[in-house]
Amino acid sequence: ADQKKTYIVHMARHHIPPTFGEDHEYWFGSSLKSVSESAEMIYTYQNVIHGFSTRLTDQEAESLEKLPGIVSVLPELKYELH
Amino acid sequence: TTRTPEFLGLEQKGSMFPQSTGESDVIIGILDTGVWPESKSFDDTGMGPVPAAWNGACETGTNFSAASCNRKLIGARFFAKGYEATLGPIDESKENRSPRDDDGHGTHTSTTTGGSVVSGANLLGYATGSARGMAPRARVAVYKVCWLGGCFSSDILAAMERAITDNVNVLSLSLGGGTADYYRDSVAIGAFSATEKGILVSCSAGNAGPTSYSLSNVSPWITTVGAGTLDRDFPAYVSLGNGKNYSGVSLYRGPTLPDTLLPIVYAGNASNSTSGALCMPGTLIPEKVKGKLVLCDRGVNARVQKGSVVKTAGGAGMVLTNTAANGEELVADAHLLPATTVGQKAGDEIRKYVISDSAPTAAILFEGTKLGIQPSPVVASFSSRGPNSITPEILKPDIIAPGVNILAGWSGAVGPTGLPDDPRRVEFNIISGTSMSCPHVSGLAALLKAAHQDWSPAAIRSALMTTSYTAYKNGNIIEDLATGKPSTPFDHGAGHVDPVSAVDPGLVYDLTADDYFDFLCALNYTAAQMQVVTKRNTSCDAAKTYSIGDLNYPSFAVVVPSDSTGKSGGSTVVKHTRTLTNVGPASSTYKVSTFSDNKSVQMSVVPDTLTFGEVNEKKSYTVTFTVGPMAVGSNVFGRIEWSDGKHVVRSPVAVSW
């Protein structure tokens, strides 16, 4: 349970709290820091999804999922060449 | 690639494509293992300036600089942060932390889709010819997302993000990740955004065939590509001491075997391992194989590794036999020692002889490259098959294209077998997979985009699908190599791609992102699931009736409900509506024909005639499927065709109980 895994965090673009203005990355970071002091964003995404990827424990992922504006916290998948 | 341009009719006189002027404005993005920029297939001689819309870059990294790109290879990026977050820093003694391809797969796919013309291409003398990508004047941008340890979805999403902002027109992904629902599948999610922005996304169907329900990349906004054979083979016969001969295939080039027959031993009898027949590393007893041919069973480890294992143990050569899992499919390999691959039936006969004869002998005779092999194409056994496990009402794969024994560019970092102990370096390699068929379709989509710049991704896919063919010139249906029988739409989708016809399809089934949104509503997605895939803040309309069957898809998959409410006289009635857009002559009249391979499925189409008065005019029709009772698990196939006498707009039909 303490082991960190990569998650892709989908956020609701239109639910950004007014305090963040239009600074979505700041909102992403603030949401992340509220569940994990040590977690860092791997990527932020604005076009393909609205959100970011990060390393979290299962517990942190569950906590993040409950925050306002979070649509989904999905574990990373591994793909293979065909 | 060599041969596929001829096989696809692209070299025909009068083909529209050679005169297409917009091709150099089309940019194909490839997510793969990177690129070997020194490949002659990236020669940019005669290419004009990079399109003004291009926002991409040539990223620097280990053994890769901005100078690695040119007017053909206009972009190269790498995405490793997700990979490194999981597996630690990339070991730069083993792979380049840059867009450089250490594997070969990415160079193969990118040159297949958009490589320049290279004369005299070959692999060790095999498949010689003029090699070219399907869209030889299109621009290529490579996004490296796959590393030694795999391809991670956080990197794939990041690459798709950049490809969208870089302004690619086509995205080609020869990778997959099983059968996650769309809202869990990063490729599907990324492809939705790309499609919404007018980018056609072509993906490989997977190599998990011939098992049913084995497809990857099945979302309706993705073009899903299965694999077929060419009319080319690389025969290498096995001649046994009992006088019998069996055909096999090989790409071996090197010191030949003696002219005399050599002793042959079954690997299972030359090993202390219970799985010795597989020729796994360290399992063969050198004293029992030295100087002999070794018969190995296919499976578990790589085919070329088995040859390496035999060579290391002192064997003189190898006969590799398919098992039930592969049937009669013959995939050629550039083995490190004289070796050939035979089908299951031949392998069983050879095994019987080798085990039962007191002093069995054999020889391998290499015949080089043969063209004109018939029948072709044949659906590859490995090509993944429908039904679609996520949404059975969407028929997948969409189409098949050449994917067996394809020659294309290769990395200079690795030999043709990909084995660490292969010291050979080649400019081109021959490999197989739906990874190879996907970039064929990506390149052809680029040609269509160039010829019809206003067409949507769905229109391009529709043109490719409705003009594809399902029968040989003699009228027989395209065979399935797995069974030797006629293939079905679950194997070949709409059929084998025919780009010359696709450029002038007459009518297309168009789709927008809004239609895909409605499709997700029909799946009863939750608001969160909808938002993950579409990023939209809007929800499904509670007052609206959504139907998966009404997605304006160029094919029909009817799933007969077990508790059908539309019963009429013991039959089930299912209605699907479609809309056709006229992209042919302004004034045209199309009449419909329907075909079903079983009386249990009756189709009626209303109206049965569509008259168009102008270009881009849309007309709708409804198909009523009247379906009789059949056993659960039964399938009936058919087709619906619209024709004006010149164009035939063909849709496959699959009905499943």
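The chains referred to below are lettered A, B, ... by the order of the sequence lines, with proteins before strands, and numbering in each begins at 1. What you are looking at is a predicted structure, and each value in this text was computed from that prediction instead of being measured. The figures here come from the full heavy-atom set of this structure, side chains too, leaving out hydrogens, waters and symmetry mates.
When the candidates B:S437, B:A227, B:S204, B:A527 are compared by the number of heavy-atom contacts under 4.5 Å with chain A, B:S204 comes out ahead. With respect to chain A, the highest number of heavy-atom pairs below 4.5 Å among B:G433, B:A163, B:A180, B:G206 belongs to B:G206. Between chain A and the options B:T165, B:T534, B:N537, heavy-atom pairs under 4.5 Å are most frequent for B:N537. Counting heavy-atom pairs closer than 4.5 Å to chain A, the top residue among B:S432, B:S435, B:A158, B:G176 is B:G176. Contact tally against chain A (heavy-atom pairs below 4.5 Å) for B:E84, B:M436, B:H105, B:E196: the top residue is B:H105. Ranked by heavy-atom pairs under 4.5 Å with chain A, the list B:F192, B:F382, B:Y83, B:F79 is led by B:F79.
Using a 4.5 Å cut-off between heavy atoms, B:I156 touches chain A through its side chain atoms alone. The parts of B:V187 that come within reach of chain A are both its backbone and its side chain, each placing non-hydrogen atoms under 4.5 angstrom from that chain. Contacts of A:I42 with chain B are made by both backbone and side-chain atoms, with heavy-atom separations under 4.5 Å. Both the backbone and the side chain of A:Q46 come within less than 4.5 Å of a heavy atom of chain B.
When each of A:R55, A:K4, A:K5 is paired with B:T86, the side chain to side chain donor-acceptor pair (under 3.5 Å) condition holds for A:R55 and for no other.
Panel note: side chain A:Y43, backbone B:A159; no donor-acceptor pair is recorded below 3.5 Å. The closest donor-acceptor contact from the side chain of B:Y183 to the backbone of A:S72 lies at 3.5 Å or more, if one exists at all.
Between A:L74 atom CG and B:R184 atom CZ the span is 5.5 Å, to the nearest 0.5 Å. Note that CG of A:L81 and SG of B:C146 are 4.0 Å apart. Values are rounded to the nearest 0.5 Å. Separating the NE2 atom in A:H14 from the CD atom in B:Q531 is a distance of 7.0 Å, to the nearest 0.5 Å. Between atom NE2 of residue A:H10 and atom CD1 of residue B:I189 there is a gap of 4.5 Å, rounded to the nearest 0.5 Å. A:E80 contributes atom CD, which lies 8.0 Å from atom SG of B:C151 (distance to the nearest 0.5 angstrom). To the nearest 0.5 angstrom, A:H50 atom NE2 is 16.0 Å from B:R536 atom CZ.
Proximity of B:S216 to A:H82: side-chain heavy atoms (C-beta onward) are separated by under 4.5 Å at one or more points. Side-chain contact between A:N47 and B:S193 is absent, with no heavy-atom pair separated by less than 4.5 Å. Here the side chains of B:L157 and A:S53 are not in contact, with every heavy-atom distance at 4.5 Å or above. For the pair B:D185/A:Y79, a side-chain contact is recorded, criterion being any heavy-atom separation below 4.5 Å from C-beta on.
In this structure, B:K81 places its NZ atom where only 12 or fewer heavy-atom neighbours from other residues, nucleotides or ligands lie under 6.0 Å away.
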Does the side-chain contact (heavy atoms from CB on, under 4.5 Å) test come out yes or no for B:E161 and A:T44, once each step is laid out?
CA-CA 10 Å; B:E161 169 100 1; A:T44 59; over 6 Å; no
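Residue B:K535 comes nearest to A:V48 through the heavy atom pair NZ-O, 3.7 Å, listed as atom of the first residue, atom of the second, then distance.
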